[in-house]
Amino acid sequence: MKSFTTLLGLIISAGALYSQNTYSLKFSQVTNKMVTDTLMITYQDGNTMNQLTRTTAGKAVYKTMKLKSTPATSYLMYADNSYRMIPDVQVKDYTVTVIGKEKCNGYNCTKISVQTFLNGNISYLWMTDEIAEAKNLPDLSIVDLKLERINEALKKQSATGGFPVRIAYKVPDYMTYEFVKILPVTTTADLFDLSRYTNAKPAAEGK
């Protein structure tokens with residue numbers, strides 16, 4: 001009986017340390033028709049971590065965290081586990097325009113344009129409802145795009161939404177994020193606990 005109680009305690013402890021309601025997503029960034037970066041996204045209960053890694057160097061060049069509890073703030077993360085708070089100044093209601101139907105990366109999609117700021121910042125997305133796992137993360141943030149706001153705008157137009165398998169930007173030529181895969185994963189339960197990170201002071205305060 002004692003051994004069973006000890007085993008049960010270990011199982012409960014393991015559950016407290018790790019969370020299984022988590023998904024890992026992978027996109028390839030394509031610039032000038034070449035894969036230049038890998039975007040890895042970790043999603044857990046409305047919280048999102050985006051990490052862009054340079055393919056050639058294998059070094060993270062950009063890492064941000066968005067928390068469900070503070071939707072008006074983004075957190076720029078650093079390698080030393082520190083962060084800076086960045087206000088999210090996107091418009092509350094995205095301007096979404098349906099362009100048409102297209103096949104993209106093997107999926108039937110609705111092609112749309114999305115404006116997230118008052119002064120431009122238009123991106124193009126190919127949205128599909130054919131990825132079952134994606135339905136488990138409706139409030140995912142991909143880079144700076146909030147999936148929930150996009151789908152809310154499409155719903156008002158009685159258009160098919162879902163999940164983007166391609167995101168394109170004109171900078172000035174097309175740069176795209178191409179969907180690769182989505183998998184359920186197990187990760188530490190405190191990954192999105194802000195208290196485990198250090199709030200970095202602005203450079204002026206550090207002097």
Side-chain angles (χ1 to χ4, degrees), residues 22-31 35-53 60-77 85-100 102 104-105 107 109-131 133-157 159-182 192:
T22 307
Y23 288 86
S24 175
L25 301 92
K26 180 179 180 180
F27 286 78
S28 291
Q29 186 187 75
V30 178
T31 308
V35 176
T36 55
D37 302 88
T38 298
L39 175 65
M40 296 299 300
I41 305 173
T42 304
Y43 172 91
Q44 182 185 97
D45 301 325
N47 304 307
T48 308
M49 187 84 75
N50 281 258
Q51 179 170 306
L52 191 65
T53 302
V61 294
Y62 179 78
K63 188 175 182 180
T64 60
M65 181 168 68
K66 293 182 182 291
L67 301 178
K68 186 176 183 179
S69 59
T70 54
T73 304
S74 294
Y75 301 89
L76 183 60
M77 313 302 292
M85 299 172 63
I86 303 173
D88 187 342
V89 294
Q90 296 183 69
V91 295
K92 183 177 180 181
D93 296 316
Y94 288 175
T95 299
V96 176
T97 303
V98 176
I99 298 173
E102 286 188 14
C104 179
N105 291 334
Y107 299 95
C109 299
T110 300
K111 183 181 179 181
I112 63 175
S113 66
V114 180
Q115 183 174 337
T116 58
F117 293 89
L118 290 176
N119 299 317
N121 276 69
I122 295 177
S123 54
Y124 299 87
L125 285 75
W126 284 254
M127 305 288 291
T128 185
D129 60 357
E130 297 179 349
I131 302 175
E133 296 89 345
K135 297 176 182 178
N136 295 320
L137 29 97
D139 47 359
L140 174 74
S141 292
I142 304 177
V143 191
D144 291 321
L145 292 167
K146 297 179 183 295
L147 192 57
E148 190 172 27
R149 292 185 186 180
I150 294 171
N151 281 316
E152 284 175 354
L154 287 171
K155 187 176 181 180
K156 291 177 182 177
Q157 300 179 48
T160 302
F163 179 83
V165 294
R166 174 180 291 162
I167 302 170
Y169 301 90
K170 285 185 176 179
V171 287
D173 298 321
Y174 269 104
M175 178 190 75
T176 69
Y177 289 102
E178 306 287 343
F179 172 69
V180 179
K181 63 182 178 180
I182 174 174
F192 294 100

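Along the sequence shown, residues carry numbers from 1.
- Here the closest non-hydrogen pair linking Met127 and Leu147 is CE-CD1, 3.8 Å.
- Without hydrogens or angle criteria, Tyr94 side chain to Lys146 main chain gives a donor-acceptor distance under 3.5 Å.
- Contact of the Thr53 side chain with the Gln51 side chain is registered, since non-hydrogen atoms from C-beta on lie closer than 4.5 Å.
- In this structure, NZ in Lys26 is found 14.0 Å from CD1 in Ile182, a value given to the nearest 0.5 Å.
- Aromatic ring centroids of Phe163 and Tyr107 lie 6.0 Å or more apart.
- A donor-acceptor distance shorter than 3.5 angstrom exists from the side chain of Asn105 to the backbone of Val165, with no hydrogens or angles considered.
- When all heavy atoms are compared, the tightest approach of Ile112 to Leu154 is CG2-CD2, 3.9 Å.
- Under the 3.5 Å distance criterion, the side-chain polar atoms of Asn47 are left unmatched by any main-chain donor or acceptor of Leu67.
- With Arg149 contributing its side chain and Val91 its backbone, the two residues share a donor-acceptor pair below 3.5 Å.
- Residues Thr116 and Asp144 fail the side-chain proximity criterion, which asks for heavy atoms closer than 4.5 Å.
- No side-chain heavy atom of Ile167 sits under 4.5 Å from any side-chain heavy atom of Val143.
- Side-chain contact check for Ile99 versus Ser113: some heavy-atom pair is nearer than 4.5 Å.
- Residues Ser28 and Glu178 have side chains that never bring a donor and an acceptor to within less than 3.5 angstrom of each other.
- With rounding to the nearest 0.5 Å, the separation of CG in Asp139 from OG1 in Thr48 is 7.0 Å.
- With values rounded to the nearest 0.5 angstrom, Cys104 atom SG is found 6.5 Å from Trp126 atom CH2.
- Contact between Leu125 and Pro164 at its shortest, heavy atoms only, is CD2-CB, 3.8 Å.
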request  = Evaluate the side chain to side chain contact (heavy atoms under 4.5 Å, CB included) criterion for residues Phe192 and Thr22: first the C-alpha distance (whole Å), next the side-chain angles of each, then the deciding distance (0.1 Å), finally the verdict.
outcome  = CA-CA 11 Å; Phe192 294 100; Thr22 307; 5.7 Å; no
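- Separation of atoms CG (Asp129) and OG1 (Thr110) is listed at 7.5 Å; rounding is to 0.5 Å.
- No side-chain donor from either of Asn50 and Tyr62 sits under 3.5 Å from a side-chain acceptor of the other.
- Between atom OG1 of residue Thr64 and atom CE of residue Met77 there is a gap of 9.0 Å, rounded to the nearest 0.5 Å.
- Not one N or O on the side chain of Gln90 forms a donor-acceptor pair closer than 3.5 Å with the backbone of Lys92.
- Aromatic ring pairs are classed by plane angle as parallel below 30°, tilted from 30° to 60° and perpendicular above 60°; the pair Tyr43 and Tyr23 is tilted.
- Residues Ser123 and Leu145 meet the side-chain proximity criterion, which asks for heavy atoms closer than 4.5 Å.
- In this structure the side chain of Leu39 never reaches within 4.5 angstrom of the side chain of Gln29, judged on heavy atoms.
- Considering all non-hydrogen atoms of both residues, Ser74 and Lys66 come closest at OG-NZ, 2.5 Å.
- For the atom pair Thr95 OG1 and Leu118 CG, the distance stands at 8.5 Å (nearest 0.5 Å).
- Contact detail for Thr176 and Ala168: the closest heavy-atom pair is CG2-CB, 3.8 Å.
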key: CA sep, side-chain torsions, deciding dist, call: Phe179, Thr128, side chain to side chain contact (heavy atoms under 4.5 Å, CB included)   = CA-CA 11 Å; Phe179 172 69; Thr128 185; over 6 Å; no
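- In this structure, the side chain of Glu152 does not engage the main chain of Lys155 through any donor-acceptor pair within 3.5 Å.
- Contact check for Val180 versus Thr38: no side-chain heavy atoms found under the 4.5 Å cut-off.
- Of all heavy-atom pairs between Leu137 and Glu133, the closest is CG-O, 4.2 Å.
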